[in-house]
Amino acid sequence: MVLGIHHVTAISGDPQQNVDFYVGVLGLRLVKQTVNFDDPTVYHLYYGDGIGRPGTLMTTFPYGHILPGKRGRGETASITFEVPVGSLDYWATRLRIEVKASGEETIFGKRVVWAHDPDGLRIELEEVETPTNFTLWPDSAVPAEYAIRSIRRVSLMPVRGRSIGEFETTEAALSGMFSFTQIGEEGSRKRFQAGVSEVDVIEAPEEPLARNSAGTVHHIAFRNKDNEVHEKWLLDLNRSGFHTSPIMERDYFRSIYFREPGGVLFEFATDQPGMMKDESEEHLGEALQLPQMHAHRKAHLESVLPKLRIPGVTQ
Ligand code: ZN
């Protein structure tokens, strides 16, 4: 079974605006500045807790000038972070002041505070009583008692009518293939759980088909312990009719990519070696780190990638 969410990766616009929101407003730590493997002139930014633990990681490809995407079916509708009990009033006020679009909603009987990131991606915050493991970043703009802890949930809006092997829906794949348990249903929303993470599946036939560009999620990654588990999954997924990538070296983890029946791109990522592979905890995310395959282009890439100002970090 999968251990829960490893990271979520979104497509974004301006890199500095991206840092200003995820670090300056949400108070996450920028734990890695690296580049997109396929286009190294584009950053790949990782945000997370103080040590970049799997499960806390939100990552972005900030392309700069890029068309806005469209939220809809075949995509992720929102990402929900967990915050400590008693912190939502603080967040509601902070987000009202700091971002253009924010608000509140009740979902499954719980208060959820939401905001759009600078590219329109919906971020939600929800109080959770039993927190998952996380390490505080002491230089965060957000006081410790309100700090975001980890990604609790992703909400998917699947496309219907495309089966993979015996799995006719996202729900069937979540429970039949990935050992998620359905824990609730409310209106058009079903909630599934695996480990400490949840996936909501929203039925939204009136929504348009999503267009993947700025402000939308590129993929959702789930945790696998190690490469041995990956190899078993690779066989199982292919036997069950999923079209997968091979196991790919991503420097901070190894990955397998595939689409689920609802059209959303999933990834399996290993916990190891993790974000502290090439930087100490003290200086995590402060300097550009290049994948081995692009290391020889360091001087060129440093000259084309805009220098980032990181709130809370003296540079
Ligand atoms: Zn990924």
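Counting starts at 1 for both ligands and their atoms, in listed order. As the structure is a prediction and not an experimental result, all values here were calculated from the model.
- For the Zn ion (ligand 1), the nearest N, O or S atom contributed by Glu267 is named OE1.
- Around the CD atom of Glu168, the shell of radius 6.0 Å holds no more than 12 heavy atoms that belong to other residues, nucleotides or ligands.
- Here His7 meets the criterion, with an N, O or S atom under 2.8 Å of the Zn ion (ligand 1).
- Here His219 meets the criterion, with an N, O or S atom under 2.8 Å of the Zn ion (ligand 1).
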Q: Check the pair His219 / Thr9 against side chain to side chain donor-acceptor pair (under 3.5 Å), numbers first and verdict last.
A: CA-CA 5 Å; His219 63 266; Thr9 296; 3.3 Å; yes

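- The aromatic rings of His44 and Phe61 sit tilted, their planes meeting at an angle between 30° and 60°.
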Q: Using the side chain to side chain donor-acceptor pair (under 3.5 Å) rule, take Glu124 and Thr80 through it: C-alpha gap first, then chi angles, then the decisive distance, then the call.
A: CA-CA 4 Å; Glu124 298 177 345; Thr80 311; 2.8 Å; yes

